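In what follows, every heavy atom counts, from backbone to side chain, and hydrogens, waters and symmetry copies are set aside. In what follows, chains carry the letters A, B, and so on, assigned in the order in which the sequence lines appear, proteins first and then strands, with residues in each chain numbered from 1. Computed from a predicted model, the values in this text were never measured in an experiment.
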Amino acid sequence: MSNLRSNLTSDHNVKQLDTERILAEKAAEREALKESRRKERAEKLKERTYVEEFDRGVYDIKNPNTYEIMLDKGLNEEIVREISSIKDEPDWMLEKRLAALEIYRELKNPNWGPDLSELNMDEIATYIRPKAQMESNWQEVPDEIRKTFELLGIPEAELDYLSGVGAQYDSEVVYHNVKDYLALQGVVYTDFESAVEQYPEIIQEYFGTCLKPTLHRYSALHYAVWSGGSYVYVPEGVHVDIPLQSYFRMNAPGAGQFEHTLIIVEKGGSLHFIEGCSAPRYNTINLHAGGVELFVKEGAKLRYSTIENWSRNMYNLNSKRAIVEKDGVIEWISGSFGSRVSMLYPASILIGEGARSEFTGITFAGAGQTLDTGAQVVHKAPHTYSAVETKSISKGGGKAIYRSLVQVEEGAYGCRSNTDCQSLMLDAQSRGDTIPTIILKNDDVDFGHEAKIGRIDDQAIFYLMSRGLSEEEAKAMIVRGFAEPVAKELPLEYAVEMNELINLELKGAIG
Amino acid sequence: MTKINRRTNELRGNTLPALTWNWMDVNDVKIDLQNNQKIPYTAVQSVGEIDQELKHTFYDLDHGISEEVMRMNSEQCNLANHWRISDREPIEVRLPQSAENPLLVDQNQIIVPPLQNGTIVLYNYSEDDSRVERNSTILVDVENDAEINVVLVQRLNENSISNVSIVARVGDGAKLSLATVELGAGNTVFHYMVDMEGFGAESHVKTAYLGSGNNHLDLFYHVRHIGEECISDIQVNGALMDHAVKKFRGTIDFVEGCSGSDGNEEEFTILLDDTVRSIAVPLLLAHEDDIVGNHAASAGQIDEEQLFYLMSRGLSRKESESLIVESRMTPTFDQIPNEELRLDLRKEVHSKILHR
């Protein structure tokens, strides 16, 4: 008996020794493996050089800051009244502005998303009138301002492939024109101030009904101090065959731009609207809080494209919303490249049976940028369809965040929705998050969501290099390929511009 | 993070690691714990001695559902278990609740020493129709090269509420497999958070649920990749019927330095009735480029073709539906070592769908 017990204890000791030996062996093995795997990974991620700031070419050209009127920085009732009186507005508009100001005061910055604490409204001038009148002939636009737009290629584009152009410089629209044959069909394309004056009934009926001032703090701010922007009206059955474009340029430092865009496409009509934005770089904070309201009526189709290239001192807190009726189609094309902080989530409210929404977006966040972008779709009617396809790229410590909502309401039967979002990170300092929310309130839906996040596939690089490309070329080609779904939705000239922007962005990251 | 809503003074928890729009009400969830007394639990005896130091180390990692819920768990604790797992028979703990045992506030510590592997099943169920509450914390420490299979089965009645927080840590080359089955309770709040600290650590989660009646399910997962080359996946499969509401909120968090990691999450919901609510918030947070993260979520009715096929073989519509739902749950059920329990769960799913 005692023999047996001693056997058992020695067995136990042996087992104990075994365990320790095995553990030590395992630990040594793992250290060796860690080392070798680290080396392997390090080889894959070859040394990179970073260029913090680079020349953004024409986008960065600053004009001297000359203006006719610049209101004091900050925001109060006096300033709001002054903007209204400068614009010689009807009373109902002033009332709307004051009501929005009250809402703005009550609302706080969101507790989610990027940090907005640096944004101080006391440091921002909400209204700056350039030394220019609105013209419909580029030759009448003051030289300096015209040159800026010429460098950006706007007048040339107008001749070549646009049916109308609006150009806003700081707070006011300096140029607006639409081709005659469209005007004859009843298409209206004008700056928003003229619209308030000329079409008061329509503006009063639609203004602030799609995008409400109560939506969030910066939409309230927008309604309090809005200035400039465009109004487009496409009558029933009219197809605007070539795109219209509004270009928003901010030149003044420490200022805000708050343009309002309202588009109505009547039954069976169609329109492609392009929005471009840029600003030179300053060291003070600028704010862009525009508002876009789109009304797509029965069977109508609207494509809304945006290429946004604000400078890296801009807080881009823009709001866009579309209401789509029966069998209507809204297509969003969205490229976000610039700004220091962006919060932009175009929303489609599908209220009519068979309405459709398609969103295609690309976001490229470089050093010091936090681009929180995405899309929202609310299915309120049966047999509505939505698709979201987004691509995010981040590099050099940039943060690209994809945030979205797909909501299917009670009674919205037979809806289909598909989301595909991909994030590519070009280095370890960058951050790529996806934060989607899906809310389904009935059972008759067909819903799918997919997301991928990670590095460039080594095999793809290897394959391209085996075909004779350098590693840098291979990577650049993969990134361009990644952006292709967005590029192919844009008119050729804009796709070229977008590719150039990507090349510009990649300069710092690769090679 | 404890958050108490000031307006209504209600207790909230399971806060998302990255917040989003407040109006959608997905950032956190209401906690329905009503009991504030210490009542004994008499169905089973405690096992082992709670390691207080370990408990605090884990609370530093994560506060489970919320700090307040953790505090209630410490104060009202009426069952405390501490296991050191070694290679032997699976441990199965039955935790019945009834009018006699209306409250179960359990603390569990599962320690898996190096090189060991084991299975532990915690099975919580109602014996009658009385309203019962559970507030549970489960700490799992998987040391180097160890493996553990944790199975949680919850079958409380509709009147009851279940709150379970799991906080886990996984070492070098170690692996944690978690299977959870949620078939009951009017209000279920589930929280899983894992720190994969080791090189090549793994976390695999499978959840099967069936939401029925007026059940409200909140399924929260937070998987943090910290060590290099960690692998994780979350697979949530379930069905909703009647007026059930389900919130799935899963986060895969790639912390800087977790090079070579791979994380996946998948959520699939079958919607059986017009009146259900299905909410999904699948997050991917990446602070490291040398990783691969995927998430997929889908929801919809049962595929008509599959139904048609089964019905053409002579099954009724409901039989066929039940079969398809069960098949989605099978990978989770398969991790339960006890065959009898597996069969029981299948039967329950089957009869619930058949008699709806």
Side-chain angles (χ1 to χ4, degrees), chain A residues 19 22-23 26-27 30-31 33-34 37-38 40-42 44-45 110-113 216 345 376 394-395 401-405 407 410-411 413 419 423-457, chain B residues 16 18-22 24-27 113-116 144-145 172-173 198-200 228-229 240-241 248-249 251-252 254 256-257 259-260 262-263 267 269-301:
Chain A
T19 310
I22 294 170
L23 273 179
K26 282 233 177 197
R30 184 149 42 228
E31 277 313 310
L33 183 65
K34 258 191 205 176
R37 295 286 292 148
R38 266 185 203 146
E40 269 175 44
R41 286 202 305 266
K44 284 194 302 199
L45 306 166
N111 62 344
W112 47 271
H216 56 78
Y345 327 96
Q376 302 180 67
S394 51
K395 63 136 195 150
I401 298 140
Y402 167 76
R403 190 185 299 275
S404 74
L405 166 70
Q407 180 162 338
E410 291 108 339
Y413 302 114
T419 304
S423 305
L424 192 61
M425 278 173 294
L426 298 178
D427 53 54
Q429 289 77 42
S430 305
R431 197 165 174 122
D433 294 347
T434 62
I435 308 178
T437 304
I438 300 126
I439 300 176
L440 307 178
K441 296 188 181 176
N442 81 65
D443 67 331
D444 188 6
V445 292
D446 182 351
F447 174 83
H449 176 105
E450 260 181 78
K452 273 192 174 60
I453 202 160
R455 59 177 182 265
I456 296 181
D457 184 9
Chain B
L16 278 183
L19 298 179
T20 185
W21 295 294
N22 292 304
M24 302 188 297
D25 195 26
V26 297
N27 283 333
L115 292 174
Q116 300 295 332
N144 296 354
D145 302 299
D172 286 336
F199 175 85
E228 292 158 81
E229 305 201 5
L240 295 172
M241 53 192 255
F248 161 82
R249 298 181 298 144
T251 305
I252 302 182
F254 296 96
E256 200 163 349
S259 312
D262 190 332
E267 202 248 345
T269 312
I270 294 176
L271 308 168
L272 294 170
D273 283 314
D274 184 22
T275 42
V276 301
R277 293 268 184 290
S278 171
I279 294 160
V281 189
L283 267 57
L284 287 175
L285 307 177
H287 210 163
E288 170 64 52
D289 65 326
D290 191 9
I291 51 112
V292 179
N294 290 298
H295 71 71
S298 61
Q301 289 169 325

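- Nearest heavy atoms, Thr434(A) versus His295(B): OG1-NE2, 3.3 Å.
- With a threshold of 4.5 angstrom between heavy atoms, Glu256(B) approaches chain A through side-chain atoms but not through N, CA, C or O.
- The closest donor-acceptor contact from the side chain of Asn442(A) to the backbone of Val276(B) lies at 3.5 Å or more, if one exists at all.
- In this structure, Glu228(B) does not pair ionically with Arg37(A), as no charged nitrogen and carboxylate oxygen lie closer than 4.0 Å.
- When each of Asn27(B), Leu283(B), Asp25(B), Val26(B) is paired with Thr437(A), the side chain to side chain contact (heavy atoms under 4.5 Å, CB included) condition holds for Val26(B) and for no other.
- For the pair Asp433(A) and Ala286(B), the tightest heavy-atom approach, listed with the atom from each and the gap, is OD1-N, 3.1 Å.
- Annotation: the span from Asn144(B) atom CG to Leu23(A) atom CG amounts to 7.5 Å, rounded to 0.5 Å.
- Among Lys452(A), Arg403(A), Lys26(A), the residue making the largest number of heavy-atom pairs under 4.5 Å with chain B is Arg403(A).
- Top candidate by heavy-atom pairs under 4.5 Å with chain A, chosen from Leu271(B), Val281(B), Ile279(B), Leu284(B), is Leu284(B).
- Pairing each heavy atom of Glu450(A) with each of Ala296(B), the nearest pair is CG-CB, 4.1 Å.
- Applying side chain to side chain contact (heavy atoms under 4.5 Å, CB included) to Ser278(B) and the options Ile439(A), Val445(A), Leu440(A) leaves one that passes, Leu440(A).
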Next on the checklist: Run the side chain to side chain contact (heavy atoms under 4.5 Å, CB included) test on Tyr413(A) and Asp274(B) for me, step by step, so that the C-alpha distance in whole Å, both residues' side-chain angles and the decisive distance to 0.1 Å come before the verdict.
Outcome noted: CA-CA 9 Å; Tyr413(A) 302 114; Asp274(B) 184 22; 2.9 Å; yes

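- Proximity to chain B (any heavy atom under 4.5 Å) is shown, for Lys34(A), by both the backbone and the side chain.
- Of the listed residues (Asp446(A), Thr419(A), Leu405(A), Ile22(A)), the one with the most heavy-atom contacts under 4.5 Å to chain B is Leu405(A).
- For the salt bridge (charged side-chain N to carboxylate O under 4.0 Å, His left out) test, residues two or more places apart in sequence or in another chain that qualify with Arg277(B) are Glu410(A).
- To the nearest 0.5 Å, the span separating CG on Asp172(B) from CD on Glu31(A) amounts to 8.0 Å.
- The heavy-atom pair separating Pro282(B) from Pro436(A) by the smallest distance is O-CD, 3.0 Å.
- Considering all non-hydrogen atoms of both residues, Thr20(B) and Trp112(A) come closest at O-CD1, 3.2 Å.
- In this structure, no portion of Ile270(B) lies under 4.5 Å from any heavy atom of chain A.
- Neither the backbone nor the side chain of Ser423(A) comes within contact range of chain B; no heavy atoms are under 4.5 Å apart.
- Between atom CG of residue Asp289(B) and atom CG of residue Leu424(A) there is a gap of 9.5 Å, rounded to the nearest 0.5 Å.
- For the set Ser259(B), Gly257(B), Pro114(B), the count of heavy-atom pairs under 4.5 angstrom toward chain A peaks at Ser259(B).
- Residue Ile401(A): no heavy atom, backbone or side chain, is found under 4.5 Å from chain B.
- Each of Ser298(B), Ala280(B), Gly300(B) has some count of heavy-atom pairs under 4.5 Å with chain A, and the biggest count is that of Ala280(B).
- Distance check, rounded to the nearest 0.5 Å: CD1 of Ile453(A) to CG of Leu285(B) gives 8.0 Å.
- Remark: Arg38(A) CZ to Phe199(B) CZ distance equals 8.0 Å, nearest 0.5 Å.
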